Amino acid sequence: MNDRLGKVINIISEKGLDGLIITGRANTYYLSGFSGSTSYLLIGREKAWLVVDFRYTIQAKNQVFEGIEVVEHADSFYATLDGILAEEGMGAVGFEGNQLTYSEYERFKARLPHAQRLEGIGNEIDLLRIRKDAGEIEAIAQAVRLGDQVFEEILKVIKPGMTESELAAEIEYQMRKLGASGPSFATIVAAGERSAMCHAVPTENRLKPGDALVLDFGVIYRHYCSDMTRTIFIGEPGEEMKKIYRIVLDAQLAALESLHSGMKASDADKVARDIIARAGYGAHFGHSLGHGVGIEIHEEPRLSAKSEDILQDGMVFSVEPGIYVEGLGGVRIEDMVVLVDGKPRNLTGSTKDIIIL
Ligand code: CO
């Protein structure tokens, strides 16, 4: 049993369970190495089984960590799982409370008769992923570097008259071309007034002189995500947009500067929020400062005003303040950071000097 499974076994014992069924995809990859789309990872106190269907047997055998037995299901996943529960005498079985759908829970109840006790354990397994090990940090750093390369390439192709959708397609094409397995979320390209929508979906809107252009994208590389945002301008922007850009950049730099292990995540949020509020745009920064990034694009920790998370070494997260003014436009600047030896290391290399194309 590896370290990660060892931690799960501690949770299982603490809760007086005999085993745990993992169905969340990120947790499955983290704990077993298997990256397919369907499986049931049953972890007992001494052994673990990855139950897959025919489509995934070969892949699972190639990918799973040592000590995990790959089982191709016979009649159904449930019959196979229940068979293992019976054989091993496992009656108290946990599941990820934040991953299992209600209908799947109903099926567990109906079709796993040997699991006399079924217990949701919330997001405790997700929390095991909150601090990254050296291998994970390296994978994420490479994903972020790839994102930087995409940005560099994309600056060469942006020109007035292009649509947001065309630009999003170019960004995702570059990702693949540079070695990513795909985007880590639907690429955001928002120009002009539309840049005031934080999560705008690219449209047929054409880039025109004076537009602010928010580019928010990330890649998946070796199963880990990156996330970055840059706001650039198509020709000379108006005075207010320039001012907003400077405020957002000041807020972002100050928040980055403030980071250290042991601090409250909410304090980092406050550093950025106070600067934006003092400049008179408090009501226009309506989202949190950042979020953890790893196997999933949004994971723990959360850097928001309400967060109770304490930032610690090994945490990887985004720092992305923004200001959005309806009818004018928006600016967001986002880097990804890892805390090492108490201090932040900025993984994102792309310039934050104002870019006017
Ligand atoms: Co983000």
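Model, not experiment: these values are computed from the prediction. Start at 1 and go down the list; that is how both ligands and their atoms are numbered. Computed over heavy atoms, backbone and side chain alike; hydrogens, waters and symmetry mates excluded.
A side-chain N or O of Q142 and one of E138 form a donor-acceptor pair less than 3.5 Å apart. Using modelled atom types and a 3.5 Å distance limit, the side chains of E66 and N2 yield no donor-acceptor pair. Using a 3.5 Å distance cut-off with no hydrogens or angles, the side chains of S304 and D269 do not pair a donor with an acceptor.
Counting heavy atoms from C-beta on, the side chains of I333 and E320 never come closer than 4.5 Å.
Cation-pi geometry between R273 and F285 is met: under 6.0 angstrom from the ring centre, within 45 degrees of the axis.
The pair R230-E334 fails the salt-bridge criterion, with no side-chain N (NZ, NE, NH1 or NH2) lying under 4.0 Å from an Asp/Glu carboxylate O.
Distances shorter than 2.8 Å separate the Co ion (ligand 1) from the protein N/O/S atoms D227 OD2, H291 NE2, E320 OE2, E334 OE2.
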